Amino acid sequence: MLKLKEIVIGTCNNNKKTEIRKILNGIPVRLLDLEVFENPPNVIEDGVTFEDNAIKKALELAGFCKMCVMADDSGLEIDALDKRPGILSSRYCGEDTGYEEKCSRLLEELKGVPFEKRTARFRCAIALAEPDKLQFVVNASCEGIISNEPKGSNGFGYDPIFYVPEHELTMAELGSEMKNRISHRALALQLFSERLKELTW
Ligand code: ITT
């Protein structure tokens with residue numbers, strides 16, 4: 001059995017990192033930022049699923065850091081767009097395009113699509129790997145509806161156009177505390193914590 005003491009959060013996305021740190025607050029493992037390591041590799045995300053990409057990121061970064069690394073691959077699936085942008089969420093309209101623009105381009109693509117056909121979900125896969133060995137991968141999702149206009153200023157990415165019916169608010173209108181209870185990442189991290197217990201304490 002592994003006695004894990006430290007895990008590197010293998011992401012360059014500061015919003016993800018903040019959420020992961022908040023949600024995992026209290027686990028008896030020290031979390032390190034990837035920035036602690038000089039020039040981490042830019043892992044090519046060429047898998048066909050979120051899970052493939054999370055595993056690839058975790059394994060490559062663990063090899064580089066020579067430590068246990070967790071990696072998150074996530075994104076937005078919109079049913080009316082055949083599940084696009086999906087695994088290409090961060091590259092939709094080009095990696096350098098801002099999220100205001102990405103959101104308005106998605107809304108443009110959905111023009112005329114009625115509320116009941118605007119179903120969507122955020123997906124998140126989180127993998128934990130040692131150098132050369134995958135420990136486990138977990139998956140979770142959060143269902144919602146793509147709104148007609150962006151609303152709210154919390155969160156990041158596609159949160160302003162992701163309406164959560166149970167709360168009658170977009171993910172960006174929910175406070176971070178609520179987002180961190182119901183989101184795809186929160187649910188995946190709950191599963192992650194349970195699996196981690198088997199390895200650590
Ligand atoms: P790393 O690969 O370094 O972790 P990244 O930002 O490239 O960072 P992904 O490849 O997993 O991460 O892309 C995730 C995309 O999905 C990105 O465009 C996000 O904006 C979007 N996304 C993921 N989780 C989200 C959330 O909780 N709220 C809004 N958008 C989210």
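Atoms within a ligand are numbered from 1 in the order they appear, just like the ligands themselves. Please read these numbers as outputs of a predicted model, since none were measured by experiment.
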*salt_bridge(Arg121, Glu77) N-O dist < 4.0 Å*: yes
*State the atoms of ligand 1, each with its element, that fall below the 4.0 Å cut-off from a heavy-atom position in Ser89.*
15 (C), 16 (O), 18 (O)
*Looking only at protein heavy atoms, which one is nearest to atom 23 (C) of ligand 1, and how far off is it?*
Ser74 OG, 3.2 Å
*Give a yes-or-no answer on whether the side chains of Arg123 and Ser74 include a donor-acceptor pair shorter than 3.5 Å.*
no
*Answer yes or no: is there a donor N or O on one side and an acceptor on the other, between the side chain of Arg118 and the main chain of Ser147, under 3.5 Å?*
yes
*Can you list the atoms of ligand 1 that are under 4.0 Å from a heavy atom of Asp159?*
26 (C), 28 (N), 29 (C)
*Identify the closest protein heavy atom to atom 6 (O) of ligand 1: which residue and atom is it, and at what distance?*
Asn13 ND2, 2.9 Å
*asked:* So if I count the atoms of ligand 1 from 1 in the order they appear, which ones are less than 4.0 Å from some heavy atom of Glu45?
replied: 2 (O), 10 (O)
_Please list, in number order, the atoms of ligand 1 under 4.0 Å from a heavy atom of Gly75._
16 (O)
*So, Thr49 versus Asp52: side-chain donor-acceptor pair below 3.5 Å or not?*
yes
_Taking atom 5 (P) of ligand 1 as the reference point, the nearest protein heavy atom with its distance_ = Lys16 NZ, 4.0 Å
*Given Tyr99, Tyr92, Phe162, Tyr158, which has its nearest heavy atom closest to atom 30 (N) of ligand 1?*
Tyr158
*How does Met171 reach ligand 1, by side chain, by backbone, by both or by neither, if only non-hydrogen atoms under 4.0 Å count?*
neither
_All pairs passing side chain to side chain donor-acceptor pair (under 3.5 Å) where residues 27-48 contributes a residue, at least two apart_ = Glu6-Arg30, Lys17-Glu35, Arg21-Asp33, Glu45-Lys57, Asp46-Lys56
_Could you tell me, atom by atom, which parts of ligand 1 come under 4.0 Å of a heavy atom of Lys179?_
26 (C), 27 (O), 28 (N)
*Have a look at Met70 and tell me which of Leu24, Thr11, Val29 forms a side-chain contact (heavy atoms from CB on, under 4.5 Å) with it.*
Leu24
*Nearest heavy atom to atom 4 (O) of ligand 1: which of Ile9, Leu76, Thr11, Val43 does it belong to?*
Thr11
_Atoms in ligand 1 flagged as close to Asp72, the criterion being non-hydrogen separation under 4.0 Å_ = 4 (O), 11 (O)
*Which residues pass the side chain to side chain contact (heavy atoms under 4.5 Å, CB included) test with Lys66, sequence neighbours left out?*
none
